[in-house]
Amino acid sequence: MRAQTKQLSDVIPLPASVRPDPAVTFTITAGTAVSAVGEAAGVAAHLNLPISADGSVRLLLDETLAAEAYRLAITADSVTLSGGSPQGLFWGVQTVLQLGEVLPGGVIEDAPRYAYRGAMLDLARHFFTAAEVKAHIDLLVQFKINHLHLHLTDDQGWRLEIPGWPRLTEVSGGAGTGVDGTGPGFLTLAEYADVVAYAAERFVTIVPEIDMPGHVNAVHVAYPELTADGQAVAPRTDAEVGYSSLVAGMEETYAFVEDVIKTVADLTPGPYLHIGGDECLSTPPEDYRTFLARVLPLPGKYGKRAVGWHEIAAADLPETAVVQFWRIEGDEPNVTRAAAAGRQVIMAPADRTYLDMKYDADTRLGLDWAGHLSVERAYDWDPADRLPGVGEEALLGVEAPLWSETLRSVADVQYLTLPRLPAIAEVAWSPRGSRDWESFRARLAAFGPRWDAAGIAYHRSAEIDWP
């Protein structure tokens, strides 16, 4: 358990409703036990307290609550945590863990604003092992992030084993791959399945991305027969984009793509499969539409919803397709049209959510093409106001991508993720009208000592009055 905070509302994301009872506290001691049965008992294990039939901390399932909702009631004698599902209970457990050993009295009633609260980790430009990805999941769930989008393929590397296509990982996942040739490695089928299972135990859905028809130089290096002229291409370890493309007019392209999509869909129990679709600068517009007409239905064929970066909105989209907006502009007519036609949208504007942007001009890591992304800038925006015609009803949720061109270690991931991820998590979870920067920065400051004690390499932003 963590150190006490002073107020019942001193958690991130800010709960939907907090009714404190300042006269009351409940102290968790070595003798405190948890009462929980069935599915609730599995969630109770995350509190690291013994299970007992008469425990003073009680975990209950309450079908009257929404699936991700929870209710936390703290009195002097007991703690009762109710969830609409095991997932709701798990989010309530994260709130308890943030409050610490001495729990302030009162009642929290909480539920998320958006169903999809995501983070993305780029394994293609720099690979991270299964153990490192699992550690990242542990960081994310503290702030009620429930989707992890894994960018598994790009020009600089291919990071997932695909049966029947061994050179994808032998060559394009091997030594010398990644930006500057410093990020080799790949996930075997077993390792990927292990990550998916680990995430599911923490109520996180893995969203795999196979980027196409652009960002495919690693494919062409491994299999020159998939190039337009059948000739080998040189590996690329720079950070340029837009120069590679699968060939829309070759049947071999679609045989390859379907093999990959079927493999990834079979490995991934979650509902989403991301097909990329961004920055296809060397793909003629007609070829781009031809390719998407063949490929966008394939995730659905294998039981998944296709997700793509917002460029896919230029094509005819399946009814279940999800469009992910990523640019810095304040207008994107194709996304507006897609939303008007009933397609759901994930908001991930680079100038507000891209964790690979520098905090300021002096930041030692990251990029700045979308500007600098301070903690306040990551917090002080609203997804429903970003694009004309893409309001609350069209939004599936929010995602915070972390591209890895400048990353070389887990410490680098932590440095760019924290403390901005909690800001974006609150945007995605908390009621719009309750968010307040001054309140947030005060609550965020309390995490500094916890991260210090855990050895987490967070950025000590000057915006926050760290203890």
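These figures come from a predicted structure and were not determined experimentally.
The heavy-atom pair separating Tyr288 from Gly277 by the smallest distance is OH-O, 2.7 Å. Looking at every heavy atom in both residues, Ser172 comes nearest to Thr177 through O-CG2, 3.5 Å. Shown here for Thr353 and Ala348, the closest heavy-atom pair between the two residues is OG1-C, 3.1 Å. Here the closest heavy-atom approach between residue Pro208 and residue Ile206 is recorded as CD-O, 3.5 Å. Closest approach of Gly366 to Thr406, counting heavy atoms only: N-OG1, 3.0 Å. Residue Tyr359 comes nearest to Leu416 through the heavy atom pair OH-O, 3.4 Å, listed as atom of the first residue, atom of the second, then distance.
A salt bridge is defined here as a Lys NZ or Arg NE, NH1 or NH2 lying under 4.0 Å from an Asp or Glu carboxylate O, and Arg167 with Glu170 fails to meet this definition. Glu392 and Arg113 are joined by a salt bridge, as a carboxylate oxygen and a charged side-chain nitrogen come within less than 4.0 angstrom of each other.
In the model, Gln87 has no side-chain atom that pairs as donor or acceptor with a side-chain atom of Tyr70 under 3.5 Å. Asp110 and Trp429 form a side-chain donor-acceptor contact under 3.5 Å, judged by distance and modelled atom types alone. Defined by atom type and a distance below 3.5 Å, a donor-acceptor pair is present between the side-chain atoms of Asp154 and His215. Donor-acceptor pairing under 3.5 Å is recorded for the side chains of His149 and Glu209. Looking only at atom types and distance, the side chain of Asn217 has no donor-acceptor partner in the side chain of Ser244 under 3.5 Å away.
Between Phe90 and Phe203, the ring planes are tilted. Angles from 30° to 60° get that label. Classification of the His151-Trp403 ring pair by plane angle, with boundaries at 30° and 60°, yields perpendicular.
When the ring pair (Phe, Tyr, Trp, His ring centres under 6.0 Å) test is applied to Phe440, the partners found at least two apart in sequence or on another chain are Tyr379. The salt bridge (Lys or Arg N to Asp or Glu O under 4.0 Å) check on Glu463 picks up nothing, with sequence neighbours excluded. Remark: Glu426 engages Arg443 in a salt bridge (Lys or Arg N to Asp or Glu O under 4.0 Å) (not counting sequence neighbours). Legend: residues meeting ring pair (Phe, Tyr, Trp, His ring centres under 6.0 Å) with Tyr198, ordered by chain and number and at least two apart, are absent. In this view, His126 and Phe128 satisfy the ring pair (Phe, Tyr, Trp, His ring centres under 6.0 Å) rule, not counting sequence neighbours. Annotation: ring pair (Phe, Tyr, Trp, His ring centres under 6.0 Å) contacts of Tyr223 (sequence neighbours excluded): Trp165. Every residue was checked against the salt bridge (Lys or Arg N to Asp or Glu O under 4.0 Å) condition with Asp155, not counting sequence neighbours, and none meets it.
Inter-residue side-chain proximity for Leu81 and Thr95 is flagged as unmet; no heavy-atom pair is nearer than 4.5 Å. Contact annotation: the side chain of Leu168 never approaches that of Thr153 to less than 4.5 Å [non-hydrogen atoms, C-beta and beyond]. You'll find the side chain of Phe291 stays beyond 4.5 Å of the side chain of Cys280, heavy atoms only. Proximity of Leu421 to Leu402: side-chain heavy atoms (C-beta onward) are nowhere separated by under 4.5 Å. Asp351 is listed as a side-chain neighbour of Arg377, based on a closest heavy-atom distance under 4.5 Å. Side-chain atoms of Asp278 and Trp326, non-hydrogen and from C-beta on, do get closer than 4.5 Å to each other. Contact check for Glu399 versus His147: no side-chain heavy atoms found under the 4.5 Å cut-off. Annotation: side chain of Ile275 is in contact with side chain of Ile312 (closest heavy-atom distance under 4.5 Å).
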query = What do the steps show when you test Leu395 against Val345 for side chain to side chain contact (heavy atoms under 4.5 Å, CB included), and what is the final call?
reply = CA-CA 5 Å; Leu395 296 179; Val345 177; 4.1 Å; yes
query = Under the side chain to side chain contact (heavy atoms under 4.5 Å, CB included) criterion, do Trp158 and Val171 qualify, and how do the steps go?
reply = CA-CA 9 Å; Trp158 185 284; Val171 174; over 6 Å; no
task = Go through the steps for Leu387 and Met347 under the test side chain to side chain contact (heavy atoms under 4.5 Å, CB included), then give the verdict.
result = CA-CA 9 Å; Leu387 291 180; Met347 276 291 164; 3.7 Å; yes
message = Let's go through Leu160 and Thr169 carefully: what are the C-alpha distance in whole Å and the side-chain angles of both, what is the deciding distance for side chain to side chain contact (heavy atoms under 4.5 Å, CB included) to 0.1 Å, and is it a yes or a no?
response = CA-CA 7 Å; Leu160 179 63; Thr169 46; 5.8 Å; no
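Every pair passing side-chain hydrogen bond (donor to acceptor under 3.5 Å, both in side chains) that includes a residue from residues 415-424 is listed here, sequence neighbours excluded: Tyr415-His459. The stretch residues 262-273 participates, sequence neighbours left out, in these salt bridge (Lys or Arg N to Asp or Glu O under 4.0 Å) pairs: Lys262-Asp266. Each salt bridge (Lys or Arg N to Asp or Glu O under 4.0 Å) pair with one or both residues in residues 302-313, not counting sequence neighbours, would appear here, but there are none. Screening residues 195-207 for salt bridge (Lys or Arg N to Asp or Glu O under 4.0 Å), with sequence neighbours left out, gives Asp138-Arg202. Residue pairs meeting the salt bridge (Lys or Arg N to Asp or Glu O under 4.0 Å) criterion with at least one partner in residues 227-236, sequence neighbours excluded, are Arg236-Asp238.
At least one donor-acceptor pair under 3.5 Å links the side chain of Arg352 to the backbone N or O of Asp380. Of the possible polar contacts, one joining the Thr188 side chain to the Glu191 backbone as a donor-acceptor pair under 3.5 Å is found. Arg159 contributes no side-chain N or O that, together with a main-chain N or O of Arg125, makes up a donor-acceptor pair within less than 3.5 Å. Using modelled atom types, no side-chain atom of Gln156 and backbone atom of Val179 make a donor-acceptor pair closer than 3.5 Å. For the pair Asp122 (side chain) and Ser404 (backbone), a donor-acceptor distance under 3.5 Å is present. No donor-acceptor distance shorter than 3.5 angstrom exists from the side chain of His274 to the backbone of Asp211, with no hydrogens or angles considered. Between the side chain of Asp412 and the backbone N or O of Arg408, at least one donor-acceptor pair lies under 3.5 Å.
With rounding to the nearest 0.5 angstrom, the NE2 atom of His310 is 10.5 Å from the OG1 atom of Thr336. For the atom pair OG1 (Thr363) and NE2 (His372), the distance works out to 6.5 Å, reported to the nearest 0.5 Å. Residue Asp382 holds its CG atom at 3.5 Å from CZ of Arg432, rounded to the nearest 0.5 Å. Arg289 CZ to Leu292 CG: the interatomic distance, rounded to the nearest 0.5 Å, is 10.0 Å. A distance of 8.0 Å separates CD1 in Ile424 from CD1 in Ile145, rounded to the nearest 0.5 Å. Distance check: Phe186 CZ to Ile162 CD1 gives 11.0 Å after rounding to the nearest 0.5 Å.
Heavy atoms of other residues, nucleotides or ligands lying less than 6.0 angstrom from CG of Asp385 number more than 12. The neighbour count for Glu39 CD, taken as heavy atoms of other residues, nucleotides or ligands under 6.0 Å away, does not exceed 12.
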